[in-house]
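Quick notes on the structure that follows.
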Number of protein chains: 2
Amino acid sequence: MAYRSTERVKARLSASRQRIIAAALEIMAGHGYAGCSVAAVAERAGVATGTVYRHFPTKADLFAEVFRTASQREVDAVARAAAQRTTVAAQMAAVVETFAGRALQSPRLAYALLAEPVDPAVDAERLTFRRAYADLIAGHVAAGVASGELPAQDPELTATALVGALAEAMVGPLAAGVAGPGTIPDLIRFIHRALGVSP
Amino acid sequence: MAYRSTERVKARLSASRQRIIAAALEIMAGHGYAGCSVAAVAERAGVATGTVYRHFPTKADLFAEVFRTASQREVDAVARAAAQRTTVAAQMAAVVETFAGRALQSPRLAYALLAEPVDPAVDAERLTFRRAYADLIAGHVAAGVASGELPAQDPELTATALVGALAEAMVGPLAAGVAGPGTIPDLIRFIHRALGVSP
DNA sequence: GCAAGAAGTGAACCACCATTCAGTCCTTGC
DNA sequence: GCAAGGACTGAATGGTGGTTCACTTCTTGC
């Protein structure tokens with residue numbers, strides 16, 4: 001036995017894997033999922049197409065991970081913003097501002113993550129993305145109901161509906177390229193009403 | 001010139017076209033968009049695959065029309081239900097009940113119309129579907145604001161967000177096959193709060 | 001009945017792209 | 001240096017399913 005992979009190689013492999021994921025993300029941000037052929041991803045990552053398959057069994061597996069990575073980044077940013085506020089009203093305002101602000105920064109990527117037609121196996125990953133947002137929101141809503149800041153309601157349903165509302169309200173602006181200046185404040189008012197925040 | 005198409009032939013052509021659309025709808029209701037190969041649609045319609053292409057230039061064109069037809073039917077049903085009520089609160093309750101009730105009657109079709117991964121050209125048609133709902137709702141909201149039943153708000157944004165909320169809240173139940181018994185009343189309460197209906 | 005021309009047929013075609021694999025290059029331990 | 005075995009390559013492969021088209025069948029006006 002003359003070969004047993006060493007730390008150095010493991011690190012290189014891992015770096016290579018990360019480069020592939022990063023390349024896929026960059027292409028998604030530039031040309032959407034539609035532009036993400038395996039060959040294009042490989043070229044941008046500086047490897048041969050075959051190499052992609054040493055890291056991921058199928059294209060769907062690769063993009064499941066790409067979606068997972070990107071989604072986690074988004075959800076984390078929103079969670080961090082919300083955590084800095086104390087009232088549910090302020091927390092939800094932070095959620096909207098962060099979510100919408102980031103989406104408008106990278107509209108093509110946001111569109112790919114939210115709504116672009118993708119392989120069904122990748123689409124499944126999208127569900128967990130939305131679920132992560134819903135869980136985050138549901139936690140704040142449940143706390144608000146418990147503290148009496150919000151009226152009694154099913155936090156799960158409220159959170160799911162709010163995620164849908166947020167996503168839908170962003171798809172138009174993302175397609176158009178910009179949001180009207182009043183969109184975000186209006187959306188915050190809508191969501192405050194929906195939560196039952198007292199005015 | 002020995003041939004100029006007559007009424008009888010025109011009627012037959014139109015009937016054939018309708019049969020193709022109907023067949024596509026039936027397959028969507030049974031197996032989703034994924035089951036809709038052109039060959040399968042043709043077989044169900046009782047024509048050869050080539051015949052489909054005498055009526056529609058591409059598969060995407062066929063399904064754009066299929067989506068348009070199915071969507072119109074849904075929107076009409078919802079509009080009709082809402083039109084029978086007098087207050088905005090009751091109208092929106094009717095919207096939710098009709099939308100959700102019909103979706104749960106034909107979950108596979110509803111899923112295909114709302115969320116299943118489809119060809120991008122067909123996806124575009126989905127946007128107009130959602131837009132039609134949003135316009136319907138926006139009309140009622142605007143009337144409610146004008147009459148003082150609802151507080152001041154941007155009817156367009158409210159309507160868009162509500163469409164997103166409705167769709168998102170249905171995707172889970174559609175995937176699961178059933179909705180919990182409380183889902184629809186809870187959703188109506190959510191939407192009433194979001195509109196600012198006074199309790 | 002017949003010529004002209006449209007509608008209908010379905011097997012063959014083909015574009016696209018994910019996936020593979022035989023050959024080459026590297027890394028490791030001795 | 002060298003043998004063993006992994007990593008890398010990228011041109012070739014293959015499956016899928018939308019699309020075509022040469023041919024057949026039907027309609028029409030005379």
Side-chain angles (χ1 to χ4, degrees), chain A residues 1-21 23-24 27-28 31-67 116-123, chain B residues 1-21 23-24 27-28 31-67 116-123:
Chain A
M1 69 256 63
Y3 186 98
R4 209 171 12 145
S5 84
T6 194
E7 282 310 312
R8 215 160 64 85
V9 173
K10 274 187 190 148
R12 183 156 51 82
L13 283 185
S14 162
S16 186
R17 183 188 171 91
Q18 288 312 115
R19 265 217 321 289
I20 291 168
I21 292 174
I27 295 178
M28 279 229 299
H31 309 287
Y33 182 79
C36 290
S37 70
V38 173
V41 171
E43 183 179 0
R44 182 163 196 120
V47 298
T49 53
T51 304
V52 172
Y53 287 87
R54 316 207 112 256
H55 294 283
F56 304 93
T58 68
K59 183 187 184 183
D61 285 283
L62 162 59
F63 277 88
E65 182 144 348
V66 169
F67 267 59
E116 187 175 0
V118 297
D119 190 71
V122 179
D123 201 48
Chain B
M1 69 256 64
Y3 186 98
R4 209 172 13 145
S5 84
T6 196
E7 282 310 311
R8 215 160 64 85
V9 172
K10 274 188 190 146
R12 182 156 52 82
L13 282 184
S14 161
S16 185
R17 186 190 170 89
Q18 287 312 116
R19 266 216 322 289
I20 291 168
I21 292 173
I27 295 178
M28 279 231 297
H31 309 288
Y33 182 79
C36 291
S37 70
V38 174
V41 170
E43 183 180 358
R44 182 163 195 121
V47 299
T49 51
T51 303
V52 172
Y53 287 86
R54 314 206 118 255
H55 293 284
F56 304 94
T58 68
K59 183 187 184 183
D61 285 284
L62 162 59
F63 276 87
E65 182 144 349
V66 169
F67 268 58
E116 186 174 0
V118 298
D119 189 72
V122 179
D123 202 47

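Just so it is clear: chains get the letters A, B, ... in the order the sequence lines come, proteins before strands, and each one is counted from 1. Basis for what follows: all heavy atoms, side chains included, without hydrogens, waters or symmetry-related copies.
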Separation of atom [atom1] in [X] from atom [atom2] in [N], rounded to whole Å:
X: A/Glu43; N: C/dC17; atom1: CD; atom2: C1'; value: 15 Å
X: B/Lys59; N: D/dT16; atom1: NZ; atom2: C1'; value: 11 Å
X: A/Lys10; N: C/dC26; atom1: NZ; atom2: C1'; value: 17 Å
X: B/Phe63; N: D/dG18; atom1: CZ; atom2: P; value: 9 Å
X: A/Ile20; N: D/dC8; atom1: CD1; atom2: C1'; value: 11 Å
X: B/His55; N: D/dT19; atom1: NE2; atom2: C1'; value: 16 Å
X: A/Leu62; N: C/dA18; atom1: CG; atom2: C1'; value: 12 Å
X: A/Tyr53; N: D/dA7; atom1: OH; atom2: P; value: 18 Å

Have a look at B/Thr49 and say if it touches a base, only the backbone sugar-phosphate, or nothing, with a 4.0 Å heavy-atom cut-off.
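It contacts base atoms.
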Mind checking B/Thr58 for me? I need base, sugar-phosphate or nothing, with any heavy atom below 4.0 Å counting as a touch.
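Sugar-phosphate, backbone atoms only, no base.
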Using side-chain heavy atoms (C-beta onward) and a distance below 4.5 Å, is A/Met28 in contact with A/Cys36?
yes
Side chains of A/Pro117 and B/Asp119: does their closest heavy-atom pair fall under 4.5 Å?
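Heavy-atom side-chain distance check fails, nothing below 4.5 Å.
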Among the nucleotides [options], which one has an atom lying closest to any side-chain atom of [X]?
X: A/Thr51; options: D/dC26, C/dT19, D/dC8; result: D/dC8
X: B/Ser37; options: D/dC26, D/dG18, C/dA18; result: D/dG18
X: A/Ala48; options: C/dT27, D/dG10, C/dG8; result: D/dG10
X: B/Val47; options: C/dG8, D/dT9, C/dT9; result: C/dT9

Measuring to OP1 and OP2 of D/dT9, would you say a side-chain N or O of A/Arg54 lies under 4.0 angstrom away?
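So the side-chain polar atoms of A/Arg54 never come under 4.0 Å of the phosphate oxygens OP1 or OP2 of D/dT9.
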To the closest 0.5 Å, what do you measure between CZ (A/Arg19) and NE2 (A/His55)?
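Going from CZ on A/Arg19 over to NE2 on A/His55, the span is 8.5 Å.
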Spatial distance of atom CD (B/Glu65) from atom CD1 (B/Ile20) [nearest 0.5 Å]:
10.5 Å
Tell me whether the NZ or CZ atom of A/Lys59 lies within the 45° cone about the ring axis of A/Phe63 and under 6.0 Å from its centre.
yes
